Amino acid sequence: MNPLHSQTVLITGASSGIGAACAHAFAATGARLLLAARRLERLQALAADLTTAGASDIELLALDVRDRPQVEATLGHLPKDWAAIDVLVNNAGLSRGLDKLHEGQIADWDEMIDTNVKGLLYVTRALVPGMVQRQRGHIINIGSIAGHQTYPNGNVYCATKAAVRALTEGLKLDLLGTPLRVSTVDPGLVETEFSEVRFHGDGDRAKAVYQGLTPLTPADVAEVVMFCASRPAHVNINEIILMPTDQASATLVNRQA
Ligand code: NDP
Ligand code: 8X3
C-alpha cells in the first residue's frame, strides 16, 4: 500500500495551480485531504473532480492565510477526525507587480509579505506544535527559484521566497531531535494563474511570460512534492530546485521566436 494512504494532508492554496495539482497527486495515493484557500467555490469544484476520480475523504476550508485570527480559529478547531495532520503543504502564495523597488506599490508589497511570509508562518505555528506532540509530521514549503536568485524588478517577491528558504532551514534546525521532516520545493517557471495574479489580471502580459518555451506544469511540481512526501521516515529532502529545460536561471530562458 502507498505509504501516504490514509495520511491526513493539508494543502494551502489548493484552489488553483500547484496546490490543486498536489491535491490530485495526494488523492491518487488514498490520502485524506484538507484543502484550503479563499475561493471556496473553486475548492468545491476541485473536490467534485477528485470525488469523481475516486477520492472520498475531503474536507474544505475557506481560509485566508493572512488573517491570523482566522488561521488560529480554523486550524485550532479542526473537526476531531481531521486535527492530526501528517503532511502540511505550505503552497498559498502570490506575486504582485514587477516594478523597480523605488517605484513599487506598497500595497503589492504588503500583500506578498502578508501571504508568502506571514501567512506561511501563521499556518506553520498553528499546526507544527500538534505534529511535535504526536511526534509525526512533514512540512513541505513551496519556495521558488526566486528565493535563490533575485531578478530585476522581482525585489519583494524574491525577498519573500528567500524568507521561505530561510524559514524552511530554520524550522529544520529547530525540529532536530524530533522525527518531523521539513522540505522546500523551489520551482522556476510553472504555467498557472501566477502571472495573471502578478499582473493584476492582464492576461496578455501573463501569457507572454510562457510564450516560446515549454514551462513546467503544476503536475510536474506536484510530482516532486510527492517524491519528498514519500521517502522513508529516515530521509529528509531538504530542498529541491526544478526548472523547465528551457530555463537555466531566474532570468535566462530559451524562447523560440
Ligand atoms: P496560482 O495563482 O495558480 O495559485 C495560488 C494559490 O494560492 C491559489 O490557490 C490561491 O487561492 C492561493 N492563495 C493566494 N493568496 C492566498 C491567501 N491569502 N490565503 C489562502 N490562499 C491564498 O499560482 P501557483 O500555483 O503558481 O502558486 C502556488 C505557489 O507556487 C505560490 O507560493 C507561488 O509563489 C509558488 N511558485 C509559483 C511558480 C510559478 O511559476 N507559477 C514558481 C515558483 C513558485 P485563493 O485565491 O482561492 O485564496
Ligand atoms: C515564480 C517563479 O521566476 O516567476 O516563483 O519568480 S518566478
Side-chain angles (χ1 to χ4, degrees), residues 10-24 35-46 60-68 70-71 74-75 89-98 108 110-123 140-165 167-168 184-201 205-206 208-210 213 215-222 224-225 240-244 246-253:
L10 171 62
I11 303 169
T12 66
S15 61
S16 173
I18 295 168
C22 288
H24 278 282
L35 304 177
R38 292 167 300 178
R39 290 171 295 177
L40 190 58
E41 69 290 351
R42 286 280 204 110
L43 293 179
Q44 285 161 341
L46 172 63
L60 306 181
L61 300 174
L63 186 70
D64 184 337
V65 297
R66 296 170 301 177
D67 184 338
R68 181 154 70 98
Q70 194 192 50
V71 169
T74 305
L75 301 184
V89 183
N90 269 322
N91 163 76
L94 81 185
S95 65
R96 285 290 197 193
L98 193 61
D108 286 347
D110 285 343
E111 195 175 354
M112 290 187 278
I113 293 167
D114 288 350
T115 309
N116 302 358
V117 183
K118 294 171 72 179
L120 178 142
L121 280 168
Y122 297 156
V123 172
I140 303 176
N141 294 330
I142 305 300
S144 171
I145 186 65
H148 300 262
Q149 299 168 5
T150 304
Y151 50 84
N153 304 325
N155 44 68
V156 175
Y157 176 71
C158 296
T160 66
K161 289 300 182 179
V164 171
R165 192 176 166 203
L167 293 170
T168 305
T184 182
V185 173
D186 299 352
L189 290 165
V190 191
E191 191 162 12
T192 64
E193 293 172 18
F194 177 87
S195 292
E196 219 172 303
V197 172
R198 163 167 266 174
F199 300 129
H200 295 280
R205 196 172 172 200
V209 173
Y210 311 105
L213 56 85
L216 296 173
T217 65
D220 293 328
V221 182
V224 174
V225 170
I240 294 187
I241 299 177
L242 67 156
M243 53 176 82
D246 278 338
Q247 181 175 19
S249 77
T251 49
L252 198 60
V253 296

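Treat the numbers as computed from the prediction; the structure is a model and nothing was measured. Whatever order the structure lists them in is the order used to number ligands and atoms, beginning at 1.
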In the protein, what heavy atom is nearest to [atom], and what distance, to one decimal place, separates them?
atom: atom 7 (S) of ligand 2; answer: Y151 OH, 3.6 Å
atom: atom 1 (P) of ligand 1; answer: S16 OG, 3.5 Å
atom: atom 9 (O) of ligand 1; answer: S15 OG, 2.8 Å
atom: atom 20 (C) of ligand 1; answer: L63 O, 3.2 Å
atom: atom 40 (O) of ligand 1; answer: V190 N, 2.9 Å
atom: atom 2 (C) of ligand 2; answer: S144 OG, 3.7 Å
atom: atom 23 (O) of ligand 1; answer: T192 OG1, 3.4 Å
atom: atom 19 (N) of ligand 1; answer: V65 N, 3.0 Å
atom: atom 12 (C) of ligand 1; answer: G13 CA, 3.5 Å
atom: atom 46 (O) of ligand 1; answer: R38 NH2, 2.9 Å

Subset of ligand 1 atoms that lie under 4.0 Å from at least one heavy atom of G143: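 Taking each heavy atom of G143 in turn, ligand 1 has 43 (C), 44 (C) under 4.0 Å.
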
For ligand 1, is there an N or O atom under 3.5 Å from any N or O atom of G19?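 By distance alone, the answer is no.
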
Looking only at N/O atoms, are D64 and ligand 1 under 3.5 Å apart anywhere?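 N/O-N/O distance below 3.5 Å exists for this pair.
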
What are the two closest heavy atoms between L213 and V209, and how far apart are they?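 So the two residues come closest at CD2-O, 4.2 Å.
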
For A14 against A37, the heavy-atom pair lying closest together: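 Closest approach of A14 to A37: N-CB, 4.1 Å.
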
For atom 32 (O) of ligand 1, which of the options I142, N91, I18 provides the nearest non-hydrogen atom?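 Selected option, by shortest heavy-atom distance: N91.
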
May I ask which of G93, G17, G188 has a heavy atom nearer to atom 27 (O) of ligand 1 than the others do?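 Heavy atom nearest to atom 27 (O) of ligand 1 belongs to G93.
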
Any non-hydrogen side-chain atom of L242 less than 4.5 Å from a side-chain atom of V185?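 When only atoms from C-beta onward are counted, V185 and L242 do touch, with a gap below 4.5 Å.
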
Indicate, as side chain, backbone, both or neither, the part of Y157 found under 4.0 angstrom from ligand 1 when only non-hydrogen atoms are considered.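 It is the side chain that gets close, since no backbone atom is under 4.0 Å.
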
Heavy atoms only, cut-off 4.0 Å: how does K161 contact ligand 1, side chain, backbone, both, or neither?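 Within the 4.0 Å criterion, K161 contacts ligand 1 through side-chain atoms alone.
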
Please check: side-chain N/O of R68 versus main-chain N/O of Y122, any donor-acceptor pairing under 3.5 Å?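 Such a contact is absent between R68 side chain and Y122 backbone.
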
Ignoring hydrogens and angles, tell me if any N or O in the side chain of N91 forms a donor-acceptor pair with the backbone of T12 under 3.5 Å.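 A pair under 3.5 Å: yes.
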
Lys/Arg N to Asp/Glu carboxylate O, R42 vs E193, below 4.0 Å: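 Answer for the salt bridge query: yes.
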
Using the benzene-type ring in the case of Trp, are the ring centres of F199 and F194 under 6.0 Å apart?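 Not under 6.0 Å, so no.
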
Hey, is R42 one of the residues with a heavy atom under 4.0 angstrom from ligand 1?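 No, R42 has no heavy atom closer than 4.0 Å to ligand 1.
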
Does P218 come within less than 4.0 Å of ligand 1, judged by its heavy atoms?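 Per 4.0 Å heavy-atom rule, P218 does not contact ligand 1.
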
Those atoms of ligand 2 less than 4.0 Å from some heavy atom in A146: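 Going through ligand 2 atom by atom, the ones under 4.0 Å from A146 are 6 (O).
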
